[in-house]
Amino acid sequence: MAIRVKVLGCRRLVLLYLFLGLLLEAQAGKIRYSVSEETDKGFFVGNIAKDLGLQPQELMERRVRIVSIGRKQLFALNPRSGSLVTAGRIDREELCAQNARCLVSFNVLVEDKMKLFPVEVEIIDINDNTPEFQLEEVEFKMNEITAPGTRIPLPSGQDLDVGMNSLQSYQLSSTPHFSLDAQQGSDGSQQPEMVLQSPLDREEEAVHHFLLTAFDGGNPARSGTLRIRVQVVDVNDNPPAFTQAVYHTSVPENVPLGTPLLMVKATDPDEGANGEVTYSFHNIDQKMAQIFHLDSNTGEITSQEPLDFEEYTIYPMEIQAQDGAGLMARAKVLVKVLDINDNAPEVTITSVTTSVPENFPPGATIALISVHDQDSGDNGHTSCSISGNLPFKLEKLDDNYYRLVTEKTMDRELTSQYNITVTATDQGTPTLSTETHISLQVTDVNDNPPVFPQDFYSTYILENNPTGASIFCVTAHDADSNENAQVAYSLVEDTIQGVPLSSYVSVNSDTGVLYALRSFDYEQFQDLQLRLMARDSGDPPLSSNVSVSIFVLDQNDNTPEILYPALPTDGSTGVELAPRSAEPGYLVTKVVAVDRDSGQNSWLSYRLLKASEPGLFAVGLHTGEVRTARALLDRDALKQSLVVAVQDHGQPPLSATITFTVAVADSIPEVLADLDSIETSSHRDNSSFMLHLVVAVAAVSCVFLAFVIALLVLRLRRWHRLRAQTSASVLAGLPTSHFLGVDGVRAFLQTYSHEVSLTADSRGSHVIFPQPNYADTLISQESSEKKDFLSVPQSLLEDKKETFSQEKKDS
């Protein structure tokens with residue numbers, strides 16, 4: 001049994017230690033100091049920096065400050081020493097009245113961490129108040145037959161100090177009839193009473209004067225006095241009597257002024273003046289005496305100033321009833337003030353951030369908010385909320401503090417500014433609320449790359465453009481702001497035909513305008529494929545690319561190039577053969593030309609520009625074929641000189657000419673013999689040239705008019721025939737072979753590769769021999785060289801002879 005008792009005792013000790021440990025841990029969260037009242041401004045209270053675990057200089061760096069609710073700032077922080085000091089004179093009695101302990105609580109905010117530290121400072125009382133009586137003099141009336149030992153309550157003194165500095169004792173001045181006795185009240189205060197020591201004799205002494213002195217326990221002690229006057233009257237054997245010892249009433253704090261609150265009633269069975277009762281306040285606070293009015297005749301108590309529940313919840317009063325003979329009775333009155341919801345919640349923004357980046361993480365603190373309602377009960381219970389569909393939420397902390405935090409990531413491009421309305425509402429009837437507004441600016445971060453309106457761009461430029469010409473303009477848009485939206489343009493490095501792209505085009509980094517750095521040649525390339533980069537100025541920078549195609553448009557800048565007949569390298573004209581027996585339409589040769597341009601600029605047409613014998617030959621408009629227009633006559637010269645013009649269809653058109661000689665003969669030896677005879681006769685006839693010239697001029701002069709007329713007629717007929725042929729065949733419908741390109745030239749060279757060109761002015765010859773791969777390669781003019789006629793292969797001469805012999809037999 002003894003062991004069991006011992007175990008139970010140990011358990012109780014363990015539980016006691018655990019309880020004390022939890023209590024100490026709960027109290028350890030607060031920082032506590034004490035300071036005496038009435039100290040000077042700047043008086044040292046405590047080393048707050050040390051208690052927060054900070055260095056003094058960190059108070060400013062970490063934005064440490066004091067936040068308090070509902071009263072003026074009593075303390076301040078000294079950033080140099082890191083100490084807590086008084087912000088001004090502190091009056092303990094003003095703060096805490098008669099409370100035994102006066103505690104001032106506030107919070108210290110470390111703003112960079114949004115963390116609150118509770119601080120509690122006890123205000124120590126000093127003896128700065130003298131005991132006082134409400135009245136300077138009090139008068140009592142006592143019957144001369146009053147028995148010794150009768151007690152008469154005296155007014156109590158008041159001392160606003162507490163503890164030993166409050167009122168401690170009373171002293172009555174020396175008198176043979178009265179003594180002083182102090183009774184302990186229910187609230188611990190002393191109630192002085194005057195005790196009659198010996199009978200009074202009105203005839204001996206009608207009025208007695210003496211002093212009541214109240215002393216406090218301060219050092220040095222302070223005191224206050226009350227003059228007492230006792231008048232001895234005739235016999236009054238019944239004192240007044242109240243109907244109740246304590247009167248209670250409850251009234252709302254918004255009761256109108258002048259409203260009757262309570263009526264006290266005291267009766268006296270005596271007659272006459274001895275039974276007339278008057279009422280007065282006894283031992284009442286001076287401030288209460290200003291709030292309430294007591295009718296001395298009826299005992300009715302009314303309000304003459306507004307009641308405030310937040311200041312007093314209960315107004316205690318003591319009412320004294322006295323009859324005409326001086327006998328008295330006292331009763332207590334307790335006026336309970338009922339709270340009404342007359343105070344809206346007070347919202348204080350303790351700390352706030354006015355701008356945050358758009359990538360601010362969820363759960364980060366925006367502001368610390370404190371809510372306080374001076375009402376009580378449900379009227380003082382508050383709730384806090386934010387309105388609208390916003391990416392924020394409120395988190396409740398201790399001591400009516402709330403924290404406004406982000407709930408999700410923000411996007412400045414959608415919303416750049418938030419106006420947050422914080423509403424605090426109490427639970428009273430009717431409810432009262434208070435709104436406060438927080439403006440939050442969302443700053444930009446570089447989270448959007450530049451964007452081109454299109455994925456692909458194409459543009460056109462004519463070849464032979466001037467250097468520095470503007471080609472095209474691209475624009476990219478960045479949804480960010482400021483430097484994050486500043487876009488710079490550049491070329492993505494590439495090569496064209498082995499040459500860097502940057503040598504062809506450039507881009508203005510600010511405007512996105514493309515410029516040509518050289519003149520483009522359609523025959524060199526028909527398009528440029530490039531990529532442009534748009535990069536913003538953010539950190540880190542973001543970029544995007546877009547493809548641009550530049551198409552080069554052709555211009556008529558190339559003259560037709562005549563490939564056949566090829567001119568000899570010695571500067572003489574080439575010679576083509578035509579048999580004497582050639583019929584009209586005989587194909588003498590074919591002029592082959594190409595144009596490096598494209599489209600309409602490369603369409604070629606041929607015409608006979610000049611001939612030594614007009615009307616003897618004709619040139620195909622689209623084929624370039626030189627054919628006989630009529631049969632050869634004996635009077636026709638053996639050597640006919642022709643000038644053929646080749647012209648394209650560009651704007652303006654470009655053209656080229658070729659001059660060649662058509663030798664009229666049945667065989668190649670005959671051609672050579674005719675050429676020799678022509679040369680010999682020319683030497684022989686030089687002497688008579690002048691005579692022949694004169695005769696020729698005369699003859700020409702005679703027949704000039706007839707020749708012109710005939711020539712005009714022939715030209716008109718030929719013009720009508722050509723016009724009919726042209727209108728019958730549209731260029732667009734012509735066969736591809738009529739517009740000779742490279743393929744047409746190859747086919748022609750395959751067909752006419754056996755042709756021989758002779759030089760009219762020398763015995764040298766220019767022969768074009770077929771190559772084994774003539775179908776795939778054009779024979780260049782440089783590959784042919786001037787050879788002696790005797791070096792011509794025998795097989796080629798035999799082929800030509802057979803051709804001429806066959807034509808002669810047919811004729």
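Along the sequence shown, the residues carry numbers beginning at 1.
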**Criterion side-chain hydrogen bond (donor to acceptor under 3.5 Å, both in side chains) against D648, the qualifying member of N601, N556, T559** = N556

**Request:** Could you tell me whether the side chains of Q640 and S612 share a donor-acceptor contact shorter than 3.5 Å?
**Result:** yes

**Asked** Closest heavy-atom contact between E358 and T409?
**Response** O-CG2, 3.6 Å

**Minimum side-chain heavy-atom gap Q526-V552 below 4.5 Å** = no

**Polar side chain donor-acceptor pair, S547 to Q529, under 3.5 angstrom** = no

**Request:** Kindly indicate, with the supporting measurements, whether the criterion side chain to side chain contact (heavy atoms under 4.5 Å, CB included) is fulfilled by L642 and L608.
**Result:** CA-CA 7 Å; L642 301 179; L608 185 61; 4.1 Å; yes

**Asked** Would you call H477 and V451 a side-chain contact if the rule is heavy atoms closer than 4.5 Å?
**Response** no

**Item:** Value rounded to 0.5 Å, distance of CD in Q441 from OG1 in T354
**Value:** 8.5 Å

**Prompt:** With distance as the sole test, does Q497 use its side chain to make a donor-acceptor pair with the main-chain N or O of Q524 at under 3.5 Å?
**Reply:** yes

**Asked** What's the shortest heavy-atom distance between V492 and L501, and which atoms?
**Response** O-CD2, 3.9 Å

**Request:** Could you check whether the rings of Y418 and F392 sit parallel, tilted or perpendicular, using 30° and 60° as the cut-offs?
**Result:** perpendicular

**Asked** So do V548 and Q454 actually touch side chain to side chain, heavy atoms under 4.5 Å?
**Response** no

Sequence neighbours left out, cut at 3.5 Å: what donor-acceptor pairs do the side chains of residues 458-472 make with other protein atoms?
residue, atom, partner, partner atom, Å
E463, OE1, Y522, N, 2.7
E463, OE2, Q555, N, 2.7
N464, ND2, Q555, OE1, 3.2
N464, ND2, D557, OD2, 3.1
N465, OD1, F520, N, 3.0
N465, ND2, R518, O, 3.2

**Asked** Could you walk me through whether S641 and T659 pass the side chain to side chain contact (heavy atoms under 4.5 Å, CB included) check?
**Response** CA-CA 7 Å; S641 178; T659 303; 4.0 Å; yes

**Request:** Flag the pair V619 / L609 as yes when at least one side-chain heavy-atom distance between them is below 4.5 Å, and no otherwise.
**Result:** no

**Message:** Restricting to non-hydrogen atoms, name the atom on G620 and the atom on Y606 that form the minimum distance, rounded to 0.1 Å.
**Reply:** O-CB, 3.4 Å

**Message:** Quick check against the 3.5 Å criterion: does D536 have a side-chain atom that pairs as donor or acceptor with the backbone of L542?
**Reply:** yes

**Fill in**
Minimal heavy-atom distance between D510 and Y489, with the atoms involved, is O-CE1, 3.7 Å

**Asked** How about V505 and V507: do any of their side-chain heavy atoms sit closer than 4.5 Å?
**Response** no

**Asked** Between M410 and T443, is a side chain to side chain contact (heavy atoms under 4.5 Å, CB included) present by the stated rule, with each step listed?
**Response** CA-CA 10 Å; M410 294 170 285; T443 59; over 6 Å; no

**Complete:** For A631 and P584, the nearest pair of non-hydrogen atoms, with its separation, is N-CG, 3.7 Å

**Message:** Donor-acceptor check, side chain of S509 to backbone of A488, threshold 3.5 angstrom: yes or no?
**Reply:** no

**Prompt:** Does any N or O in the side chain of Y504 come within less than 3.5 Å of the main-chain N or O of V499, such that one atom is a donor and the other an acceptor?
**Reply:** no

**Prompt:** In Å, rounded to the nearest 0.5 Å, how long is the span from CD1 of I658 to OH of Y564?
**Reply:** 9.5 Å

**Request:** Please name the pair of heavy atoms, one in N419 and one in S439, separated by the smallest distance, quoted to 0.1 Å.
**Result:** OD1-OG, 3.6 Å

**Asked** Is T628 reaching over with its side chain to a backbone N or O of G585, donor-acceptor style, under 3.5 angstrom?
**Response** yes

**Message:** With a 4.5 Å cut-off on side-chain heavy atoms, are T475 and P453 touching?
**Reply:** no

**Request:** May I have the step-by-step check of side chain to side chain contact (heavy atoms under 4.5 Å, CB included) for L563 and E561, ending in yes or no?
**Result:** CA-CA 6 Å; L563 303 178; E561 180 181 353; 4.0 Å; yes

**Asked** Is there side-chain contact between N359 and D447, with heavy atoms separated by less than 4.5 Å?
**Response** no

**Message:** Counting C-beta onward and ignoring hydrogens, is there a side-chain heavy-atom pair between L532 and Y457 closer than 4.5 Å?
**Reply:** no

**Item:** Backbone of S598 reached by a side-chain donor or acceptor of D554 within 3.5 Å
**Value:** yes

**Fill in**
One should read off an interatomic distance between S481 OG and Q486 CD, to the nearest 0.5 angstrom, of 10.0 Å

**Item:** Nearest-0.5 Å distance that lies between atom CG in N545 and atom CG in D455
**Value:** 12.0 Å

**Asked** What distance do K639 atom NZ and E613 atom CD have between them, rounded to the nearest 0.5 Å?
**Response** 14.5 Å

**Request:** Output the distance between atom CD1 (I562) and atom OG1 (T657), rounded to the nearest 0.5 Å.
**Result:** 6.5 Å

**Message:** Would the distance check show the side chain of S503 and the main-chain N or O of L517 forming a donor-acceptor pair, the cut-off being under 3.5 Å?
**Reply:** no

**Item:** salt bridge (charged side-chain N to carboxylate O under 4.0 Å, His left out) against R412, all qualifying residues, sequence neighbours excluded
**Value:** D444

**Prompt:** Does any N or O in the side chain of D411 come within less than 3.5 Å of the main-chain N or O of E413, such that one atom is a donor and the other an acceptor?
**Reply:** yes

**Asked** Is there a donor in the side chain of D595 and an acceptor in the side chain of N558, or the other way round, less than 3.5 Å apart?
**Response** no

